[in-house]
Amino acid sequence: MSQDLPGRLPRSFTTPGTSSFLDFLATHDPSLLPHGRALPAGEAPALTAVPHATTIVALTYDGGMVMAGDRRATAGSMIASRHIEKVFPADEYSAIGIAGTAGLALELVRLFQLELEHYEKIEGTLLSLDGKANRLATMVRGSLGLAMQGLAVVPLFGGYDLQREKGRIFSFDVTGGRYEETEYHAVGSGSTFARGSLKKLWWPGMNAGDAVRTAVHALVDAADDDSATGGPDATRRIWPVVAVVSAAGYLRVEDHALSDVVTQIEGLRRAEDHGGVVR
Amino acid sequence: MSMPFYVSPEQLMKDRADYARKGIARGRSVVVLQYDDGIAFATENPSRALHKISEIYDRIAFAAVGKYNEFENLRVAGVRYADLRGYSYDRADVNARGLANAYAQTLGTVFTTESKPLEVELVVAEVGVTPETDQIYRLSYDGSVADEHGHVVMGGQAETLSVALGESWEPGMDLAGVVRLAVRVLGSTADGEDRTLSPQQLEVAVLDRTRPRRAFRRLPAPLLAELLGRDQAAGEADGRHGAAEDAAQELAERPVPGEPATTDAGADEATDEQV
């Protein structure tokens with residue numbers, strides 16, 4: 001950049017061609033990118049002490065999709081946070097949930113949100129849902145080096161497809177593999193239990209209310225069997241983050257509505273004196 | 001042996017300034033007006049894809065006149081500047097003053113060191129919590145910055161329109177009021193033969209201070225027609241508020257997803273034009 005004159009915006013700012021914030025950062029200042037940083041070689045045993053985010057579930061319903069995440073972050077066997085939020089709006093019509101190393105995952109979310117907004121402002125149009133998912137896959141693949149050192153980040157992405165007019169869900173692996181899930185999916189430490197729960201509770205043609213209830217139910221099942229997943233906490237009034245994405249955009253379900261859902265689920269599961277089955 | 005001609009620095013700068021001014025005056029004007037709930041931008045622009053008014057950041061917008069390729073380049077640079085700053089610090093730390101300074105330095109450096117000045121004039125505006133905290137910066141082709149209040153006209157017959165606007169604009173006008181005023185002023189000509197601009201010929205956008213995060217919204221033609229139409233139907237006195245409230249209502253609803261991407265045909269048409 002020897003041509004840069006003092007005071008003037010650097011050449012990298014006025015170079016036409018890319019609508020991507022990541023590509024711009026890569027030419028302007030790669031050290032700001034997660035994969036632009038060098039890590040010490042070898043295993044990193046002390047890193048179990050950094051917070052990890054746990055379970056995210058997502059399911060489609062008739063007219064959109066619902067994503068929900070519990071509120072617990074763990075560091076080893078300790079609870080690092082009871083309040084962490086792991087489901088975010090990626091833009092007006094999509095949501096992203098994260099599992100894995102919390103610090104890196106939150107940075108990934110921030111960059112991804114910015115990437116979508118940047119594209120929207122420069123191009124004057126939204127990326128397609130597939131375009132967004134592909135972009136996220138590239139970003140996850142860029143962090144493969146970190147993942148191989150034990151700092152994996154696994155997002156779950158979903159949104160309302162304005163062209164196809166339906167909700168869609170995409171899962172990813174650490175190598176940047178992108179897989180479309182047609183019905184439901186879960187990621188994180190409690191995902192095995194959540195997926196088992198969703199398998200029994202999901203049905204085609206459910207409405208938004210059913211979907212929210214099913215998502216919370218799956219999180220309760222995950223929290224039941226996985227110590228790293230936090231269940232709804234009625235004492236502290238901490239409820240999962242539940243987002244509904246439909247043609248009307250991203251909408252977070254309010255706490256008082258979740259409180260009712262949780263009470264309802266607790267009622268269903270309450271053990272009866274005469275040896276009733278606890279689900 | 002031939003001697004190079006001596007050109008005095010005064011003459012050199014004057015020639016460049018004249019060149020830039022001529023280019024800017026060829027295009028159509030953009031007007032920027034403050035109203036009670038924000039800042040409105042309006043211009044005559046038949047293109048739906050090649051914008052002269054754009055979003056830069058949450059509370060910041062950009063309007064330009066002159067050569068499309070030059071101000072488009074500055075717009076993209078501004079979006080990159082704002083997004084980088086918001087990413088490095090926080091969204092709250094991005095402000096119009098910093099961006100206006102960066103633009104001013106760029107325009108000034110190009111004006112003095114490069115063979116051709118940029119034929120553009122810009123407005124960078126930031127909407128605040130109250131009308132008093134709104135910021136409007138007007139930047140010229142030579143890098144000079146003016147901190148404006150109330151209303152600004154750039155490009156075309158800027159001086160004539162500015163006088164007309166100054167006579168009718170007053171603080172605390174509502175959205176319908178400023179949009180009607182802007183359209184009337186944009187349609188006026190020096191020889192007194194005023195044109196009536198239809199919503200399809202207009203590009204109008206607002207920075208609405210009542211919106212939560214991203215304050216920038218374009219006003220699509222149907223909404224504009226409503227804002228303008230009430231004027232003729234219901235008269236000055238009682239039509240004012242109804243239209244403004246309807247518009248505010250519609251603004252508060254979900255945003256329209258982005259418009260279709262720039263088509264090649266549209267781009268070809270306007271590449272050499274001063275838009």
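Note that this is a predicted model, so its numbers are computed, not measured. In what follows, every chain begins at residue 1, and chains take the letters A, B, ... in the order their sequences are listed.
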Open item on the list: Which atoms of Phe216(B) are under 4.5 Å from chain A, going by heavy atoms: the side chain, the backbone, both sets, or neither?
Closed with: neither
Open item on the list: Contact between Leu84(B) and Leu32(A) at the side-chain level, heavy atoms closer than 4.5 Å - yes or no?
Closed with: yes
- [ ] For each of Val79(B), Asn101(B), Asp83(B), tally heavy-atom pairs with chain A at distances under 4.5 Å, and name the one with the top tally.
- [x] Asp83(B)
Open item on the list: Please determine whether a side-chain nitrogen of the Lys or Arg among Arg8(A) and Glu114(B) lies less than 4.0 Å from a carboxylate oxygen of the Asp or Glu.
Closed with: yes
TODO: Please flag which part of Ser20(A) lies under 4.5 Å from any non-hydrogen atom of chain B: side chain, backbone, both or neither.
DONE: neither
- [ ] Determine the sole option in Thr106(B), Thr109(B), Asn73(B), Leu107(B) for which the side-chain contact (heavy atoms from CB on, under 4.5 Å) test with Leu9(A) is passed.
- [x] Thr106(B)
TODO: For the residue pair Phe13(A) and Tyr81(B), categorise the inter-ring angle as parallel (less than 30°), tilted (30 to 60°) or perpendicular (more than 60°).
DONE: tilted
Open item on the list: Could you report the tightest heavy-atom contact between Arg110(A) and Tyr87(B), atom names first, then the distance?
Closed with: NH2-O, 2.8 Å
Task: Minimal non-hydrogen separation, Arg80(B) against Phe24(A), with atom names - done: CD-CD1, 3.6 Å
- [ ] Determine, step by step, whether Arg214(B) and Glu92(A) satisfy the salt bridge (Lys or Arg N to Asp or Glu O under 4.0 Å) criterion, reporting the C-alpha distance in whole Å, the side-chain angles of both residues, the deciding distance to 0.1 Å, and the verdict.
- [x] CA-CA 11 Å; Arg214(B) 289 166 74 177; Glu92(A) 197 63 45; over 6 Å; no
Open item on the list: I'd like to know if the side chain of Arg75(B) reaches the main chain of Ile122(A), judged simply by a donor and an acceptor atom lying under 3.5 Å from each other, with no hydrogens or angles considered.
Closed with: yes
Task: Euclidean distance, Glu70(B) CD relative to Thr14(A) OG1, rounded to 0.5 Å - done: 12.0 Å
